[in-house]
Number of protein chains: 2
Amino acid sequence: MNPVNIIVKKRDGDRLTAQEIRYFIKGYVAGQIPDYQAAALAMAIYFQGMSAQETADLTLAMAASGDQIDLHAVLPAGTIVVDKHSSGGVGDKTTLVVGPIVAACGLMVGKMSGRGLSFSGGTIDKLESIAGWSPDLELDRFLHQMQAVGLVVAGQTADLAPADKKLYALRDVTGTVNSLPLIASSIMSKKLASGADAIVLDVKCGRGSFMETLDEARKLASLMVDIGTLGGRRIVALVTQMEQPLGYAAGNSLEVKEAIAALHGESAPDFRALVESVAVEMLLLGASAGESLDEERALAKIRSVIDSGAAFELFRAFVAAQGGDVAMVDNPDLLPTAPVVLPVPAPMDGYVGRIDARCIGLTVVDMGGGRRRKEDIIDHRVGVTLAAKVGDHVVKDRPLCFVHGADEVTALAAVRRVMQAFELQTTRPQPLSTVLARFSS
Amino acid sequence: MNPVNIIVKKRDGDRLTAQEIRYFIKGYVAGQIPDYQAAALAMAIYFQGMSAQETADLTLAMAASGDQIDLHAVLPAGTIVVDKHSSGGVGDKTTLVVGPIVAACGLMVGKMSGRGLSFSGGTIDKLESIAGWSPDLELDRFLHQMQAVGLVVAGQTADLAPADKKLYALRDVTGTVNSLPLIASSIMSKKLASGADAIVLDVKCGRGSFMETLDEARKLASLMVDIGTLGGRRIVALVTQMEQPLGYAAGNSLEVKEAIAALHGESAPDFRALVESVAVEMLLLGASAGESLDEERALAKIRSVIDSGAAFELFRAFVAAQGGDVAMVDNPDLLPTAPVVLPVPAPMDGYVGRIDARCIGLTVVDMGGGRRRKEDIIDHRVGVTLAAKVGDHVVKDRPLCFVHGADEVTALAAVRRVMQAFELQTTRPQPLSTVLARFSS
């Protein structure tokens, strides 16, 4: 086999075999196939696409390029490990609430999470708002905590899918990020390598996500379900709305506060709807053979672990297990707080017709709450909290939202920018749906 | 400016500005823009193409990336230097005949030539069949010989278009060779940098060339004429037929013999037609302002320098000037000769309907007469000589052609292979035209 022939084959629109894909990925990770050939192949894939089978083969090849965690070697027989992944959005603190809920319902949730990039935040960045909390766990501590607590959120503890890491960095500098099969295989290779039996994917769609159209998001969701199925996993993908920020808060510490409130039963309606949808799917996928569970019963279980405080207690135990200061969990006012909080006043009476989630997300990044480059250090305090969501009625000069800034200058700049994110109108808009589509194997 | 943005712009089908193209090429040659970004851009160009203006800008940027020879600093005022370039074919010894003819007519022909690659031979490889002849000339010797003899064929004497050299090597290993704007800019960047005032391009079309369809060849020819014109050159491109090998011989030493015969007035009809067409264009382009020259007079001049022996004498002087053994020119039987010569018999009576030039060219390469890789050493003796051309009548068991091999084993293998190249039929086929199209500025 020859890398040039593989590039030319894809360039000419032919399908690559599993053997060709494995040869290329293996050679690329080993440094035998150089970056320039991988760049040419990535661009050819950008133009010619890949079939579901090719994408699955690429995913499996990347998953096989490094460590593949076998959780069942240590966990009790019959244990089903459930993972959940979001394609990234603004104000997406879902894992912080869904994880404890599902674990409190008795499933094992072992998650390797990423950090934020661009307008989309990362779960680990959010949790690091809690003093002392660390994502750096060795694999044996990961496994121990999963059994002891039922919930772990770690950074990549193992050398998972190094092919993806290398390819992703290359795509970033060669204009080949925005390719459906490359996005799908990148996400799924890490999921498959990290050893979960069941996966719920939350594919965000809209201005505040990487998939702006429903058509693109549906394709990505469907493709990832195909890959997961071909990889032998139970898998469901929800396409969910990401036009406006999810819930009320965007910004690390502010989102942790909102997540803790949600674990106490207080949620924005859109956030509650998403949490319940994702948690239901996780419970259904994680149900063991003997268990008779339907959507209604799953929902009842979810509400009961919130009402009983079991979900909150599980979150508290999870934070403690990873070194976090539980005082901040018990009293969220102790979480890092921005020194300057400015209201963004409504310019007129009316209804909120639109809140541009991407604008909010990028404003938070520029205030220091996210990364423009990988090496940027995050200010956990800053962010935006909404006082009104799409469909809400607002009164002139009353706040649309609040900007939480590190100083007057950046906060004032953020106020001016965030103001542009709101569109007010005189008639009440149609409410936004939360779940737009669902795919399962 | 940012390389990724330039890649993405081209990927999305937008036109690049001259400034963006210059920035990219300059950065690439300087090593500031890495191979993987150039590979991604080349693949994006493969898919999205380039306008004539973009291609001209790319060509000029590559021409400006190294030395640019100014012949007029040393040549007498008003001198017009004419160059001729073939896109590569099988049995294409045209330069060896046209060069001396045109120089004997009084024009200055200064040519930097390449070596052969794949099925297409190179002028320098052919001339190296003559003992002692060398293409390695310093620039001052190049200029001196041009004035003293009127004809020079050198390897690249200067650091011409290093951007092209780097990009060509990259395209070769990234599946991006076969892109019209990249092919056109590669050829023309070297032509523009080498300082000729007038250029005649011979774009080969057919099985024995890199452009298999007339449509492709016409597009390439037209694009190169546009580039040359935008670069301020007088330029004509002929699209010429390359279905069957040109003339009778394919193989280095064999082609030199055929060229010498042609300088003595003995040519295969197709070869004579091509030589005259190219030489006429060169004379017309090279005519100075005061001179009244038309096609008919140019043709008469060409025939007269052959009949008088002036063209042959010029070739002899040219070989001598570059260190070649003129005894071999005077007596071509002294040229390197293959030890084994085998006939390839006709399997039936009939007419030759087709001779697959690519098959003949690749057979010569595999016998050692060409390069599969750049570092291969050439056996100048080997090759194929045709005993019949398309349209000729042949008799069963009489030779279609002869294989000239280094030993019995390779020669026998070549016989079996070359046999497949001939298609015989019972009716006389339409004769093949020589010049298929002509483009001028």
Side-chain angles (χ1 to χ4, degrees), chain A residues 1-14 16 20-21 23-24 27-29 31-50 117-118 163 165-183 210 212 216 372-374, chain B residues 1-14 16 20-21 23-24 27-29 31-50 117-118 163 165-183 210 212 216 372-374:
Chain A
M1 253 181 285
N2 176 326
V4 184
N5 295 347
I6 293 173
I7 297 167
V8 167
K9 193 171 173 187
K10 176 45 64 187
R11 184 199 75 186
D12 293 346
D14 294 334
L16 302 180
E20 287 166 335
I21 291 170
Y23 164 83
F24 203 100
Y28 182 49
V29 173
Q32 286 146 0
I33 294 178
D35 277 334
Y36 53 78
Q37 290 184 321
L41 181 64
M43 190 60 90
I45 291 171
Y46 178 90
F47 279 100
Q48 295 287 11
M50 274 187 147
L117 199 59
S118 183
K165 213 177 291 175
K166 199 169 169 181
L167 193 59
Y168 190 87
L170 183 71
R171 285 166 53 209
D172 199 34
V173 292
T174 54
T176 50
V177 169
N178 197 19
S179 154
L180 217 54
L182 296 180
I183 293 169
F210 294 98
E212 290 202 45
E216 273 185 307
R372 270 171 294 196
R373 291 168 308 168
K374 277 183 191 166
Chain B
M1 251 181 285
N2 176 328
V4 184
N5 295 347
I6 293 173
I7 297 167
V8 167
K9 192 172 174 186
K10 178 43 68 187
R11 184 198 76 186
D12 294 347
D14 294 334
L16 301 180
E20 287 166 335
I21 290 170
Y23 164 83
F24 202 100
Y28 182 48
V29 173
Q32 286 147 0
I33 292 178
D35 277 334
Y36 53 79
Q37 289 185 320
L41 182 63
M43 190 59 90
I45 291 171
Y46 178 90
F47 280 99
Q48 294 288 9
M50 274 187 146
L117 200 59
S118 183
K165 213 176 293 176
K166 198 169 172 183
L167 192 59
Y168 190 86
L170 183 70
R171 284 167 53 209
D172 200 32
V173 292
T174 54
T176 50
V177 169
N178 198 18
S179 154
L180 217 55
L182 295 179
I183 293 169
F210 294 100
E212 290 202 44
E216 272 184 309
R372 270 170 292 196
R373 290 167 311 165
K374 276 182 191 164

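Naming: A, B, ... by sequence-line order, numbering from 1 per chain.
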One option among A/Ala39, A/Ala38, A/Pro34 has the most heavy-atom pairs under 4.5 Å with chain B, and it is A/Ala39

Which side chain or backbone donor-acceptor pairs connect chain A with chain B at less than 3.5 Å?
| unit_1 | atom_1 | unit_2 | atom_2 | d |
| --- | --- | --- | --- | --- |
| A/Arg11 | NE | B/Tyr46 | OH | 3.1 |
| A/Arg11 | NH1 | B/Gly175 | O | 2.7 |
| A/Gln37 | NE2 | B/Val173 | O | 2.7 |
| A/Tyr46 | OH | B/Arg11 | NE | 3.1 |
| A/Val173 | O | B/Gln37 | NE2 | 2.7 |
| A/Gly175 | O | B/Arg11 | NH1 | 2.7 |

On a heavy-atom basis, the closest approach of B/Gly175 and A/Val4 is N-CG1, 4.0 Å

Over all heavy atoms of both residues, which pair between B/Ala163 and B/Val29 is shortest? Give the atoms and the distance, please.
CB-CG2, 3.3 Å

Does any non-hydrogen side-chain atom of B/Ile183 lie less than 4.5 Å from one of B/Phe210?
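Not touching, per the 4.5 Å side-chain cut-off.
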
Checking heavy atoms, do the side chain of B/Val8, its backbone, both or neither come under 4.5 Å from chain A?
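For B/Val8, side-chain heavy atoms alone lie under 4.5 Å from chain A.
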
Measuring from atom CG of A/Leu180 to atom CD1 of A/Ile45, what distance do you get when rounded to the nearest 0.5 angstrom?
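The CD1 atom of A/Ile45 is 12.5 Å from CG of A/Leu180, to the nearest 0.5 Å.
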
Roughly how far, to the nearest 0.5 Å, is the CG atom of B/Leu16 from the CG atom of B/Leu41?
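Nearest 0.5 Å value for the CG-CG distance: 6.5 Å.
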
So for A/Ile6, is it side chain, backbone, both, or neither that comes closer than 4.5 Å to the heavy atoms of chain B?
neither

